[in-house]
Amino acid sequence: GPSVRRGQRHHFLAELSQCLFDFVVQLLPTPEELAIKEDVRKLLERLIRNVEPDSRLLSFGSTANGFALRNSDMDLCCLIDSDRLPPTASEMVVMVADLLERETKFQVKPLPKARIPIIKLTLAPTQGLPYGIACDIGFENRLALENTRLLLSYATLDPTRVRTMVLFLKLWSKRRKINSPYLGTLSSYGYALMVIFFLVHVKHPPVLPNLQVIPPLRPITKEDMHIGEHNIWFFDDTELLKQTWQSANTDGVGELLVDFFKYFSHDFPYNTHVISIRGGLLEKTYKGWYEPDPRAHDLSRDRNRLCIEDPFEISYNVGRTVTKDGLYTIRGEFMRASRIFASRPDRAFLALTQLCE
Ligand code: CTP
Ligand code: MG
């Protein structure tokens with residue numbers, strides 16, 4: 001009868017939570033890998049200081065936000081704190097690339113003319129480093145450092161549920177080939193924002209508070225709150241917050257993942273709405289991000305199929321890389337995942353394995 005089925009479902013979800021957790025733990029980078037990456041960062045920082053003595057080289061992206069899978073790329077950002085007028089990002093790319101070419105074993109590829117100028121570094125695999133190292137160095141990308149800190153704060157508030165969900169989605173989206181912004185799908189950063197949106201704004205009671213609307217404890221200056229015109233304020237004292245705020249939501253991570261796939265398969269209104277971790281569910285018309293006209297062939301209109309507002313650069317759609325076909329594929333994958341979870345009510349481990357095939 002129905003109560004037996006409910007019992008089975010409950011059992012499946014509990015098992016799924018445990019399996020997910022075990023699954024994700026094996027994907028984490030080892031302490032050795034983290035140590036090597038930190039050594040690489042220090043080495044590069046020391047070298048860059050030959051070009052620009054007042055510079056710092058900081059990690060952002062997955063190596064700094066708690067969402068790193070094993071052997072993931074390094075994202076580094078060089079900041080220059082100088083009273084003199086510092087060189088432009090493209091000048092730095094040329095000078096630093098030149099130096100690294102002479103002084104290191106990295107293969108160096110400068111991209112000074114890109115929208116965001118960067119240097120791409122790669123180190124071929126060796127016995128001690130079987131996957132080599134891939135690293136991008138950018139310059140003065142302060143917003144990326146801040147959005148990394150925001151994601152890290154969310155991960156710190158509820159490490160088990162947030163990290164498990166984001167890491168699993170990263171792995172799943174890579175295995176299912178829907179994590180390629182250059183090929184019309186979505187970046188890992190985009191998937192992480194979808195998870196946080198879901199936990200802050202979709203789940204009732206919410207799993208996470210909205211850190212961008214909690215007021216500061218002490219008044220802070222407008223300069224401290226902004227980078228350019230972008231408001232970068234968020235409540236970052238997670239230690240204090242953990243003492244004073246506790247989620248009333250006790251769902252296990254298995255149940256949350258099943259609901260996430262269900263929501264983004266059937267419930268989220270892709271045509272008309274925007275995912276915003278700052279503001280919740282927003283209308284495209286409110287943002288001026290119009291629905292693509294089905295008769296139009298103008299590709300610029302194809303930028304707003306999947307709308308995910310960046311937490312700080314709010315005019316920027318993180319989902320702009322997603323094409324019509326890309327969205328169709330992504331939604332198809334969400335539906336496939338929902339189907340697998342519905343059809344394997346007794347085998348959590350098999351469901352996860354099948355999901356990531
Ligand atoms: N980023 C951004 N805007 C984007 C994409 C990325 O600001 N449209 C910044 C974010 O700070 C993000 C970082 O670049 O944390 C790295 O993005 P991404 O490579 O997508 O995420 P990772 O977590 O590093 O995932 P992966 O392991 O797949 O590299
Ligand atoms: Mg990365």
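Positions are given from 1, in the same order as the sequence printed here. Numbering of ligands and ligand atoms starts at 1, following listing order. Owing to the predicted nature of the structure, the values given are computational and were not obtained by experimental measurement.
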Side chain, backbone, both or neither: which part of [X] comes within less than 4.0 Å of ligand 1 when only heavy atoms are counted?
X	answer
Asp75	side chain
Ser188	both
Asn147	side chain
Asp310	neither

List the closest protein heavy-atom neighbour of atom 27 (O) of ligand 1: residue, atom name, distance to the nearest 0.1 Å.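 Result for atom 27 (O) of ligand 1: Lys170 NZ, 2.9 Å.
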
Counting non-hydrogen protein atoms only, what is the nearest one to atom 13 (C) of ligand 1? Give residue, atom name and distance.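 Nearest protein contact, heavy atoms only, for atom 13 (C) of ligand 1 is Gly61 CA, 3.6 Å.
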
Kindly assign one of parallel, tilted or perpendicular to the pair [X] and [Y], based on the angle between their ring planes and the thresholds 30° and 60°.
X	Y	answer
Phe264	Phe268	tilted
Tyr263	Phe198	tilted
Phe334	Trp172	parallel

Atom indices of ligand 1, in the order listed, that fall short of 4.0 Å to a heavy atom of [X]:
X	answer
Thr148	11 (O), 15 (O)
Tyr316	8 (N)
Lys174	26 (P), 27 (O), 28 (O)
Ser72	27 (O)
Asn65	15 (O)

My understanding is that we take every heavy atom of each candidate and find the minimum distance to atom 20 (O) of ligand 1. Doing that for Tyr189, Phe67, Phe60, which one comes out nearest?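 Answer by nearest heavy atom: Tyr189.
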
My understanding is that we take every heavy atom of each candidate and find the minimum distance to atom 24 (O) of ligand 1. Doing that for Ser62, Ser59, Gly138, Ala68, which one comes out nearest?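 Shortest heavy-atom distance from atom 24 (O) of ligand 1: Ser62.
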
Any Asp73 heavy atom less than 4.0 Å from ligand 1: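 Outside the 4.0 Å threshold, so no.
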
Does even one non-hydrogen atom of Leu69 get within less than 4.0 Å of ligand 1?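 Under 4.0 Å: no for Leu69.
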
Determine yes or no for a side-chain-to-main-chain donor-acceptor pair under 3.5 angstrom, with His226 supplying the side chain and Lys222 the backbone.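 Yes, His226 side chain to Lys222 backbone: donor-acceptor pair under 3.5 Å.
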
Please answer whether the main-chain N or O of Arg320 pairs with a side-chain N or O of Arg303 as donor and acceptor at a distance below 3.5 Å.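 Judged by distance alone, yes, a pair lies under 3.5 Å.
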
Could you verify whether a donor N or O on one side chain and an acceptor N or O on the other, from Thr63 and Asp75, lie under 3.5 Å apart?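 No.
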
Between Asp22 and Gln18, is there a side-chain donor-acceptor contact under 3.5 Å, judged purely by atom types and distance?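 Side chains of Gln18 and Asp22: pair found under 3.5 Å.
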
Phe234 and Leu150, any side-chain heavy atoms less than 4.5 Å apart: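 In short, these two side chains touch, coming nearer than 4.5 Å.
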
Among the N/O/S atoms of Asp75, select the one at the shortest distance from the Mg ion (ligand 2) and name it.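 Among the N, O or S atoms of Asp75, the one closest to the Mg ion (ligand 2) is OD2.
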
Residues Arg142 and Glu140 bridged, charged N to O under 4.0 Å: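 So Arg142 pairs with Glu140 through a salt bridge.
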
Pair Arg149 + Glu146, salt bridge at N-O below 4.0 Å: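 The answer is yes: the pair qualifies as a salt bridge.
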
